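Each remark here refers to the structure printed beneath this line.
Computed from a prediction, not measured in an experiment: that's the story for all the values here. Values below: all heavy atoms of this structure, side chains included; hydrogens, waters and symmetry mates excluded. Atoms within each ligand, like the ligands themselves, are counted from 1 in listed order.
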Amino acid sequence: MALVGSGRKVVGLAPERQHGFYGRDIVSVRQFTRDDLTYIFGVSDEMRSLVRRVGATDLLKGHILANLFYEPSTRTFASFAAAMQRLGGSVIPIHGVQYSSVSKGESLPDTIRTLACYADVIVLRHPDVGASEIAARYSAKPIISAGDGVGEHPTQGLLDLYTIYSELGTIDSLRVAMVGDLKHGRTVHSLARLLRMYQTELTFVSPEILRLPSELKCELEEAGRTVIETDSVESIIGTADIIYVTRVQRERFEDMREYEAVKDCYEITTELMARAKHRMALMHPLPRVGEIHYDVDDDPRAAYFRQMENGMYIRMALLAAVLGKA
Ligand code: ASP
Ligand code: CP
């Protein structure tokens, strides 16, 4: 007997639904295998062609997503909502918790238990590292992390990897440079962990105080990746296949003088791009606050708007997969 129902946690699996996503929480990219990624990218391709052909479908008709965001968001919030609606489902939007009972002191577990009564899946963005794991413990329905503080942003990691594959047709053998706030950038943490599974050469470009967390560096080295650290964009500009630029995360600094000292550390200009490889992709999770000049946007290698569009297809695929409809 199948012990699963739509939007419930996995207890036992119906044979036809035995893939790595049905009924599962998505709280860290650590949980994925390369096969999982191949699977979800294939479903994302289908979602992309579906949206381009007909715009929407009723695959998730009758299903409800709770979008619970304790931190600001434009892309993740809107793309999850759009993804659910394009699949025929509906959304409970809690964007900023100041008008919810969180402002009366309600705890995360109780808030999650509440939403799990009404929704089939919960998307959570929270300022605390590990909040999604805590939420998953209390939720009868799948939790999808939309970013937990300086920890991870797993669905962004997936859409970033999908974008690399879409732009360059491969992931193995690429030289990937990640630039900016590698200490606080949760998108960097998720993408680097995913790249660990591929034969990539990773260069981390940042000022000394914004270096990649040492435990993540160790994870990459243990997986056999070559990790190079530098503070010079000049040193990677001519050789990188992927340049992944990030914002210095103002909201994560305790000492604003430190932020002021590093906030403008890197700027990608058209002059710099003139020295980059002819075939490469310039990526950014967005929002940008000066790290990539606006006149770079016309460069065909500027992939960040395609990257953000890909987010919707990846999230359509994930929602369909965790709800057993992919
Ligand atoms: N939007 C991404 C995040 O929430 C990147 C950023 O905010 O800089 O992590
Ligand atoms: N990339 C990203 O997470 O954007 P938002 O913070 O706008 O959701």
Could you list each nitrogen or oxygen of ligand 1 that sits under 3.5 Å from a protein nitrogen or oxygen, with the atom names and the distance?
from: ligand 1; atom 1: 1 (N); to: Leu286; atom 2: O; distance (Å): 3.0
from: ligand 1; atom 1: 4 (O); to: Arg125; atom 2: NH2; distance (Å): 3.4
from: ligand 1; atom 1: 4 (O); to: Arg186; atom 2: NE; distance (Å): 3.4
from: ligand 1; atom 1: 4 (O); to: Arg186; atom 2: NH2; distance (Å): 2.8
from: ligand 1; atom 1: 7 (O); to: Arg247; atom 2: NH2; distance (Å): 2.8
from: ligand 1; atom 1: 8 (O); to: Arg247; atom 2: NE; distance (Å): 2.8
from: ligand 1; atom 1: 8 (O); to: Arg247; atom 2: NH2; distance (Å): 3.2
from: ligand 1; atom 1: 8 (O); to: Gln249; atom 2: NE2; distance (Å): 2.8
from: ligand 1; atom 1: 9 (O); to: Arg186; atom 2: NE; distance (Å): 2.8

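- Using a 4.0 Å cut-off between heavy atoms, Met308 makes no contact with ligand 2 at all.
- Among protein heavy atoms, atom 4 (O) of ligand 2 sits closest to Arg75 NE, 3.0 Å.
- Under the 6.0 Å cut-off for aromatic ring centres, Phe253 and His184 qualify, their centroids lying closer than that.
- Contacts of Thr187 with ligand 2, taken as heavy-atom pairs under 4.0 Å, are absent altogether.
- By the 4.5 Å heavy-atom criterion applied to side chains, His293 and Glu267 are counted as neighbours.
- Residue pairs meeting the salt bridge (charged side-chain N to carboxylate O under 4.0 Å, His left out) criterion with at least one member in residues 150-171, sequence neighbours excluded: Glu152-Arg193, Glu167-Arg306.
- Residues in residues 82-106 take part in these side chain to side chain donor-acceptor pair (under 3.5 Å) pairs, two or more places apart or across chains: Ser101-Lys104.
- Residue Val176 forms a side chain to side chain contact (heavy atoms under 4.5 Å, CB included) with just one option from Thr203, Asp241, Leu202, and that option is Leu202.
- Partners of Asp172 by salt bridge (charged side-chain N to carboxylate O under 4.0 Å, His left out), not counting sequence neighbours, listed by chain and number: Arg34.
- Interface atoms of ligand 2 facing Thr74, defined by a heavy-atom separation under 4.0 Å, are 5 (P), 7 (O), 8 (O).
- The contact set between ligand 2 and Leu286, taken as ligand atoms under 4.0 Å from a residue heavy atom, comprises 1 (N), 2 (C), 4 (O).
- Residue Pro285 places at least one N or O, backbone or side chain, under 3.5 Å from an N or O of ligand 2.
- From Arg125, atom CZ reaches atom OG of Ser145 across 8.5 Å, with rounding to the nearest 0.5 Å.
- Using the six-membered ring where Trp is involved, Tyr162 and Phe41 have ring planes that are tilted, between 30° and 60° apart.
- For ligand 2 and Gln156, the ligand atoms under 4.0 Å from any heavy atom of the residue are 1 (N), 2 (C), 3 (O).
- Comparing Arg125, Glu71, His284 against atom 6 (O) of ligand 2, the shortest heavy-atom distance belongs to Arg125.
- With hydrogens and angles left out, the side-chain atoms of Thr200 and Arg175 include no donor and acceptor closer than 3.5 Å.
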Begin from the C-alpha positions of Phe21 and Phe32 and carry the test ring-ring contact (aromatic ring centres under 6.0 Å, His included) through to its verdict. CA-CA 9 Å; Phe21 291 88; Phe32 302 134; 5.5 Å; yes
